[in-house]
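Remarks on the structure that follows.
Everything numeric here is computed off the predicted structure, so don't read it as measured data.
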Amino acid sequence: MTFEFDWVDAFSETPFGGNGCAVVHGGAAVPDDICMAYVRETSLVECTFTGPSDVADVRVRYFLASREIPFAGHPTVATVVAMRARGLISDGRFTLETAAGIVPVEVAGTQVKMTQIAPEFGAEVPAGLIARVGGLADSDIIAPPQVVSTGLPFVITVLKDRAALDRVQLDLQALADLGVHLGQPDIGMLEPFWVTRPGATAAGDTFGRLLLAPPSPPEDAFTGSATGAMASYLWRHGLIDRPDFVAEQGHGMGRPGEAQVHVLGPREAITGVEVSGHGAIVMSGTVHLPDHL
């Protein structure tokens, strides 16, 4: 099986920033195990595989090294930038079919704005349990951690300062204990998204980190889906004064990324989250995949 691909660094205007994603054009019908093997081959966190859709303009499938996931933010930006560069879409509005639902997207050159679905606010999680996942003290957490999803669930965890954020180290046993507590025994299904204010630079309002369990790389450089969930949490709980802000991530990894975020609707009735960012194509070519492993 032969496909064209583009490797795009999302949430960055230049290569080697933000978060990389390989976009395999026309590969939506590739078997799951081949898709996951391809992700492992790239050493990226996620890759996407596109195809035709009966309900939207394009179908997108999102894969980690270990499983398919319903939605992801930086791969959405990467996919749209790659398709725009190849002339498969034009500037303007269109829709993506994802396993999480239809995602409206707007593109202008290398900038993509996605509208994530209305957030689902799940269980609050004991701060002590989350603190153990990150190797932190309970006092480092300044608001009740909570499961939030705008297509993919994360435990949004607000930390007191940048020093605490920098100290986060993933404890895999504590992460497994968190999964059991939340009824998700598969490790890595509900990672904490750690966030603090202000941003990593003067331009940012928030700074986040997402540490990952194997076989994924140890840290995600920019997490668009978690950014939408985080924005919903901060707006809902009165932790930000306005619904639009700049989110930063990846600076501690030497891969700075930035997104413009706008939460739609009042605090008590959020209808969606707009997350916007640029993408830069790093390489393009042809991938040759086996039809079975």
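Under the 4.5 Å side-chain heavy-atom criterion for ILVMFWY residues, no single connected hydrophobic cluster contains both Leu190 and Ile117. Under the 4.5 Å side-chain heavy-atom criterion for grouping Ile, Leu, Val, Met, Phe, Trp and Tyr, Val133 is connected to Leu172 within one hydrophobic cluster. When the side chains of ILVMFWY residues are joined at heavy-atom separations under 4.5 Å, either directly or via intervening members, Leu264 and Met230 end up in two distinct hydrophobic clusters. Note on Leu64 and Ile34: separate hydrophobic clusters, where clusters join Ile, Leu, Val, Met, Phe, Trp and Tyr whose side-chain heavy atoms are under 4.5 Å apart, directly or indirectly. Val282 and Val77 fall into different hydrophobic clusters, where Ile, Leu, Val, Met, Phe, Trp and Tyr residues are linked whenever their side-chain heavy atoms come under 4.5 Å apart, directly or through other members.
Between Thr227 and Ala247, the shortest heavy-atom distance links the atoms CG2-CB, 3.8 Å. Summarising the geometry of Val263 relative to Ser232, their closest heavy-atom pair is CG2-N, 4.4 Å, with the distance given to 0.1 Å. Across Gly27 and Phe3, no two heavy atoms sit closer than the pair CA-CE2, 3.8 Å. Glu258 approaches Val246 most closely through the heavy-atom pair CG-CG1, 3.5 Å. Taking both residues in full, the closest heavy atoms of Tyr233 and Pro144 are given as OH-O, 2.6 Å, listed atom of the first, atom of the second, then distance. Summarising the geometry of Thr50 relative to Thr79, their closest heavy-atom pair is CG2-CG2, 3.7 Å, with the distance given to 0.1 Å.
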For this session: Dump the intermediate steps for side-chain contact (heavy atoms from CB on, under 4.5 Å) on Ile141 and Val158, then the final yes or no.
Result: CA-CA 6 Å; Ile141 298 173; Val158 183; over 6 Å; no

Problem set entry | Pair His251-Phe207, ring pair (Phe, Tyr, Trp, His ring centres under 6.0 Å): steps then yes or no | CA-CA 9 Å; His251 294 63; Phe207 185 39; 5.6 Å; yes

For this session: Kindly indicate, with the supporting measurements, whether the criterion side-chain contact (heavy atoms from CB on, under 4.5 Å) is fulfilled by Ser12 and Phe222.
Result: CA-CA 10 Å; Ser12 175; Phe222 201 100; over 6 Å; no

Problem set entry | Worked verdict on Leu88 versus His25 for side-chain contact (heavy atoms from CB on, under 4.5 Å) | CA-CA 10 Å; Leu88 300 173; His25 299 280; 3.9 Å; yes

For this session: Apply side-chain contact (heavy atoms from CB on, under 4.5 Å) to the pair Leu210 and Trp194, showing each step before the final yes or no.
Result: CA-CA 6 Å; Leu210 181 72; Trp194 314 90; 5.9 Å; no

Exercise. When you look at Ser53 and Glu97, which way does the side chain to side chain donor-acceptor pair (under 3.5 Å) test go after all the steps?
Worked result: CA-CA 7 Å; Ser53 171; Glu97 176 192 353; 2.5 Å; yes

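Heavy atoms from other residues, nucleotides or ligands lying under 6.0 Å from CD of Glu124 number more than 12. The 12-atom threshold is not exceeded at CD of Glu41, counting heavy atoms of other residues, nucleotides or ligands nearer than 6.0 Å. More than 12 heavy-atom neighbours from other residues, nucleotides or ligands sit within 6.0 angstrom of CZ on Arg167. In this structure, Asp241 places its CG atom where only 12 or fewer heavy-atom neighbours from other residues, nucleotides or ligands lie under 6.0 Å away.
Between the side chains of Glu4 and Thr286, at least one donor N or O sits under 3.5 Å from an acceptor N or O. Inspection of the Gln116 and Thr150 side chains reveals an N or O donor paired with an N or O acceptor under 3.5 Å. Counted by atom type alone, Glu248 and Thr201 present one or more donor-acceptor pairs between their side chains at under 3.5 Å. Between Asn19 and His74, the side chains place a donor N or O and an acceptor N or O closer than 3.5 Å (distance only, hydrogens not considered).
Looking at Gln249, its side chain does come within 3.5 Å of a backbone N or O of Asp220 through a donor-acceptor pair. For the pair Arg209 (side chain) and Leu165 (backbone), a donor-acceptor distance under 3.5 Å is present. Distance alone, capped at 3.5 Å, places no donor-acceptor pair between the Asp166 side chain and the Ala163 backbone. Without hydrogens or angle criteria, Trp235 side chain to Gly265 main chain gives a donor-acceptor distance under 3.5 Å.
Note that CE of Met114 is 12.5 Å distant from CD of Glu106, once rounded to the nearest 0.5 Å. In this structure, Tyr62 OH and Ile69 CD1 are separated by 8.5 Å, a value rounded to the nearest 0.5 Å. Taking CG from Leu239 and CD1 from Ile156, the interatomic distance works out to 11.5 Å, rounded to the nearest 0.5 Å. The line from CZ of Arg132 to CG of Asp177 is 7.5 Å long, rounded to the nearest 0.5 Å. Atom CG of Asp140 is separated from atom CD1 of Ile130 by 13.5 Å, given to the nearest 0.5 angstrom. Atom CG of residue Leu211 and atom CD of residue Glu219 lie 4.5 Å apart, to the nearest 0.5 angstrom.
When side chains are defined from C-beta on, Ile102 does not count as touching Leu96, because their heavy atoms never get closer than 4.5 Å. Between Val23 and Phe49, every side-chain heavy-atom pair lies at or beyond the 4.5 Å cut-off. Contact of the Pro104 side chain with the Thr115 side chain is registered, since non-hydrogen atoms from C-beta on lie closer than 4.5 Å. Between Cys47 and Phe63 the shortest side-chain heavy-atom distance does not fall below 4.5 Å. Counting only heavy atoms from C-beta outward, the side chains of Gln146 and Val125 never approach each other to under 4.5 Å. Looking at Val168 and Leu159, their side chains come closer than 4.5 Å, going by heavy atoms from C-beta outward. The shortest distance between side-chain heavy atoms of Val81 and Met83 does not fall below 4.5 Å. Considering only heavy atoms from C-beta on, Thr223 comes within 4.5 Å of Phe193 through its side chain.
A ring-centre distance under 6.0 Å is not found for His278 and Phe11.
For Asp205 and Arg197, the salt-bridge test fails: no basic side-chain N is under 4.0 Å from an acidic carboxylate O. Electrostatic pairing of Arg86 and Asp6 counts as a salt bridge here, judged by a charged N lying under 4.0 Å from a carboxylate O. For the pair Asp9 and Arg255, the salt-bridge criterion is met [side-chain N within less than 4.0 Å of a carboxylate O]. Ionic pairing of Asp32 and Arg61 is present here: one or more N-O contacts between side-chain nitrogen and carboxylate oxygen are shorter than 4.0 angstrom.
With Ile89 as the partner, the side-chain contact (heavy atoms from CB on, under 4.5 Å) test is satisfied by one option alone out of Asp57, Val80, Val105: Val80.
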